[in-house]
Asker: 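Here you go, one structure.
Proteins get letters first, then strands, A, B, ... in listed order; numbering begins at 1 in each. As the structure is a computational prediction, the values presented were derived from the model and not from experiment.
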Amino acid sequence: MGNKIKIAERRNRRLGGRFFAPDTVSLAKSLLGKRLVSFADRKLTSGRIVEVEAYLGSNDPACHASRGVTARNEVMFRSAGHCYVYLIYGMYHCVNVVSEGAGVGSAVLIRAVEPVEGLDVMKGRRGRGGQFERDLARGPGRLCQAFGIERGISGQHFVSSPVIWLEDAPQVSEGEISASGRIGISVGADLQLRFFLEGSRFVSG
DNA sequence: TCCGAGATTCACT
DNA sequence: GTGAATCTCGGAG
């Protein structure tokens, strides 16, 4: 069976535009448990989202959008459902789901997923760091490496992109979701804007 | 024009 | 536990 058929068959599972409409924190929580799918380099990889962080636009000092529009963060100011990818520390990528209306600059960072499909592809892309399944996509930089997500994908839309999208999955109950301060930032770290699935061994930090 | 910090990860001590 | 790798951006000189 060719990949083309596979991709077409699963099209009806893709999350549509309405999914991205809620406020950023609600969207962050509803992303938990959903399936992140990449078809970068014509190779299929997917995983269950287990950890996210919310970044609240211009009022959030930890958010890239807080200092206005730049060449790097321009995608953050587009409408909800766009894919914002940026380079951090000069060597790793991070992938975000843009939220709220155009011009707001809010987004949800996908920090970790539980690998589901394409584990061999992920291991190949992760190199030495990919020996253990648990480490394939635990952390935003590792996740992007495993899924082949790079800056070229930034600006695509999760509803229409041929290389990155989200698929529906059973709703996660509120009781399974834990909150904490965001990781790796120095300002606004006390805000409870990191959400993760309690008990998952694929959560970072 | 230069310098330091950053939504990170890995190798090495 | 500590430091290096290396791109982007804001602020200092």
Asker: Determine the interplanar angle of the A:F158 and A:F20 rings, folded into 0 to 90°, and report it as parallel if under 30°, tilted if 30 to 60°, perpendicular if over 60°.
Answerer: parallel

Asker: Enter the distance from A:L15:CG to A:L166:CG here, rounded to the nearest 0.5 Å.
Answerer: 5.5 Å

Asker: State, yes or no, whether a side-chain contact exists between A:Y86 and A:V75 at a heavy-atom distance under 4.5 Å.
Answerer: no

Asker: Indicate yes or no: at least one non-hydrogen side-chain atom of A:V97 is less than 4.5 angstrom from one of A:I110.
Answerer: yes

Asker: Is there a side-chain contact between A:F19 and A:L31 in this structure, where contact means two heavy atoms from C-beta onward sitting under 4.5 Å apart?
Answerer: yes

Asker: For DNA chain B, what residues of residues 56-65 of chain A have any heavy atom nearer than 4.0 Å?
Answerer: A:A62, A:H64

Asker: Searching all strands shown, indicate the nucleotide that pairs with B:dC3 (Watson-Crick or G-U wobble; both distances under 3.5 Å).
Answerer: C:dG10

Asker: I'd like to check A:D190 versus A:R182 (side-chain heavy atoms, cut-off strictly below 4.5 Å). Are they in contact?
Answerer: no

Asker: Which salt bridge (charged side-chain N to carboxylate O under 4.0 Å, His left out) pairs, counting each pair once, include a residue from residues 94-103 of chain A, with sequence neighbours left out?
Answerer: none

Asker: Looking at NZ of A:K43 and CZ of A:R125, how far apart are the two atoms once the value is rounded to the nearest 0.5 Å?
Answerer: 6.0 Å

Asker: Quick test of the criterion, 5.5 Å between centres and less than 30° between planes. Is A:Y92 stacked on B:dT8 or not?
Answerer: no

Asker: What's the gap between C:dG1 and B:dA7 when it is taken at their P atoms, as a whole Å value?
Answerer: 22 Å

Asker: Is any side-chain heavy atom of A:R111 closer than 4.5 Å to one of A:V50?
Answerer: no

Asker: Have a look at A:R138 and tell me which of A:S204, A:P115, A:S200 forms a side-chain contact (heavy atoms from CB on, under 4.5 Å) with it.
Answerer: A:S204

Asker: Any non-hydrogen side-chain atom of A:K34 less than 4.5 Å from a side-chain atom of A:Q171?
Answerer: yes

Asker: If I pick the P atom on C:dT6 and the same atom on B:dT1, what distance separates them, to the nearest angstrom?
Answerer: 24 Å

Asker: Stacking between A:Y86 and B:dA7, defined as ring centres under 5.5 angstrom apart with planes under 30°, is that present or not?
Answerer: no

Asker: On DNA chain C, which is the earliest and which the latest nucleotide, 5' to 3', with an atom closer than 4.0 Å to a heavy atom of chain A?
Answerer: C:dA5 to C:dG10

Asker: What parts of residues 181-193 of chain A reach DNA chain B, counting only heavy atoms under 4.0 Å away?
Answerer: A:I183, A:G184, A:I185, A:S186

Asker: Both A:M91 and A:T70 contact DNA chain C. Which one's nearest nucleotide lies toward the 5' end?
Answerer: A:M91

Asker: Whole angstrom is fine here: how far is it from CZ in A:R67 over to C1' in B:dA7?
Answerer: 12 Å

Asker: Think A:R194 forms a cation-pi with A:F196, using NZ or CZ under 6.0 Å from the six-ring centre and within 45 degrees of its axis?
Answerer: yes

Asker: Considering all heavy atoms of both residues, which atom of A:E117 and which atom of A:S46 are nearest to each other, and what is their separation?
Answerer: OE1-OG, 2.5 Å

Asker: Would you please test A:E150 and A:V85 for side chain to side chain contact (heavy atoms under 4.5 Å, CB included) and show each step?
Answerer: CA-CA 7 Å; A:E150 296 177 0; A:V85 181; 5.8 Å; no

Asker: What heavy-atom pair brings A:H93 and A:C144 nearest, and what distance separates the two atoms?
Answerer: O-SG, 3.4 Å

Asker: Regarding A:R151 and the six-membered ring of A:Y84, is the cationic atom NZ or CZ under 6.0 Å from the ring centre and inside 45° of its axis?
Answerer: no

Asker: I need the residues from residues 95-114 of chain A with at least one non-hydrogen atom less than 4.0 Å from DNA chain B; give them sorted by number, or say none.
Answerer: A:N96, A:L109, A:R111

Asker: Quick one, which residues of residues 120-151 of chain A touch DNA chain C with a heavy atom under 4.0 Å?
Answerer: A:R151

